[in-house]
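The analysis underlying the following values was restricted to heavy atoms, covering all of them including side chains, and did not include hydrogens, waters or symmetry mates. Proteins get letters first, then strands, A, B, ... in listed order; numbering begins at 1 in each.
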Amino acid sequence: MAHWLMKSEPDVFSIDDLERDKTASWEGVRNYQARNIIRDEMKAGDLAFFYHSNIGAPGIVGVMRIQKEAYPDDTAFDPNSEYHDPKSDRESPRWYQVDVAFEEKFKETIPLAWLKEQPLLADCPLVKRGNRLSVMPVTRKQWRFIMQHARRGERRLPQ
DNA sequence: GCCAACGTTGGC
DNA sequence: GCCAACGTTGGC
């Protein structure tokens with residue numbers, strides 16, 4: 001089983017939206033590197049961190065599971081969609097999406113600022129300067145490290 | 001709101 | 001194929 005990190009702007013789609021809806025189509029990815037990961041590498045059952053981007057305090061906010069492997073992103077065919085891409089057609093779709101399912105929301109966001117301080121995460125594309133990749137792999141070791149930190153944070157909190 | 005970094009487009 | 005111009009991402 002592989003692990004991933006997927007960014008979303010919470011104003012557009014947040015972990016709370018996913019918790020409410022239980023599942024979602026991860027549509028609107030319009031970057032080839034991210035597309036290749038989604039289309040070629042993600043498998044049903046994989047786990048992914050949900051990351052809130054483009055806000056005051058960006059960070060990892062929870063976990064989701066890849067529920068359905070890649071299939072064409074229909075929003076690319078829809079002229080009324082903000083994700084419309086006239087160069088994509090149903091015969092040879094350019095963009096793909098997966099379906100994701102809610103797993104958990106962390107009690108506390110794990111801030112990007114903290115992630116950047118961790119030597120173990122130095123190789124993660126997320127903390128590299130200028131990185132804009134919205135879907136990226138997370139190693140098993142990095143996943144365990146971040147999950148352990150999330151659990152520590154939860155134990156520290158009062159009930 | 002600013003702006004650095006990056007990806008894409010299109011003229012040549 | 002090069003590369004300047006442009007648009008977008010996303011932290012701050």
K.L.:
Please tabulate, for the side chains in residues 59-70 of chain A, all donor-acceptor contacts under 3.5 angstrom to protein atoms that are two or more places apart in sequence or on a different chain.
P.N.:
| from | atom 1 | to | atom 2 | distance (Å) |
| --- | --- | --- | --- | --- |
| Arg65(A) | NE | Glu103(A) | OE2 | 3.0 |
| Arg65(A) | NH1 | Gly45(A) | O | 2.8 |
| Glu69(A) | OE2 | Ala44(A) | N | 2.9 |

K.L.:
What residues, two or more places apart in sequence or in another chain, satisfy salt bridge (Lys or Arg N to Asp or Glu O under 4.0 Å) together with Asp17(A)?
P.N.:
Arg20(A)
K.L.:
Which residues, if any, of residues 121-130 of chain A bring a heavy atom under 4.0 Å of DNA chain B?
P.N.:
Arg129(A), Gly130(A)
K.L.:
Applying ring pair (Phe, Tyr, Trp, His ring centres under 6.0 Å), which residue pairs with at least one partner in residues 96-145 of chain A are found, sequence neighbours left out?
P.N.:
His3(A)-Trp143(A), Phe49(A)-Trp143(A), Trp114(A)-Phe145(A), Trp114(A)-His149(A)
K.L.:
Mind checking ring pair (Phe, Tyr, Trp, His ring centres under 6.0 Å) for Tyr71(A) and listing every partner two or more places apart, or none if nothing turns up?
P.N.:
none
K.L.:
May I ask you to say whether Arg90(A) pairs ionically with Asp74(A), meaning some side-chain N is under 4.0 Å from a carboxylate O?
P.N.:
yes
K.L.:
Restricting to side chain to side chain contact (heavy atoms under 4.5 Å, CB included), what partner residues turn up for Arg30(A), sequence neighbours left out?
P.N.:
Asp73(A), Thr75(A), Ala76(A), Tyr83(A), Trp95(A)
K.L.:
Holding to side chain to side chain contact (heavy atoms under 4.5 Å, CB included), I want the full list of residues that pass it with Ala34(A), two or more places apart in sequence or in another chain.
P.N.:
Val29(A), Asn31(A), Leu133(A), Ser134(A), Val135(A)
K.L.:
Just to verify, what does Asp78(A) make a salt bridge (Lys or Arg N to Asp or Glu O under 4.0 Å) with, not counting sequence neighbours?
P.N.:
none
K.L.:
Expected output is a numbered-order residue list: members of residues 46-55 of chain A with a heavy atom under 4.0 Å from any atom of DNA chain C. What is it?
P.N.:
Tyr51(A), Ser53(A), Asn54(A)
K.L.:
Between Lys87(A) and Asn131(A), just flag the one whose closest nucleotide in DNA chain B comes earlier from the 5' side.
P.N.:
Asn131(A)
K.L.:
Which is the 5'-most and which the 3'-most nucleotide of DNA chain C that has an atom under 4.0 Å from a heavy atom of chain A?
P.N.:
dG7(C) to dC12(C)
K.L.:
Report the residues that fulfil salt bridge (Lys or Arg N to Asp or Glu O under 4.0 Å) with Arg129(A), sequence neighbours left out, ordered by chain and then residue number.
P.N.:
none
K.L.:
With sequence neighbours excluded, tell me which residues meet salt bridge (Lys or Arg N to Asp or Glu O under 4.0 Å) with Lys105(A).
P.N.:
Asp16(A)
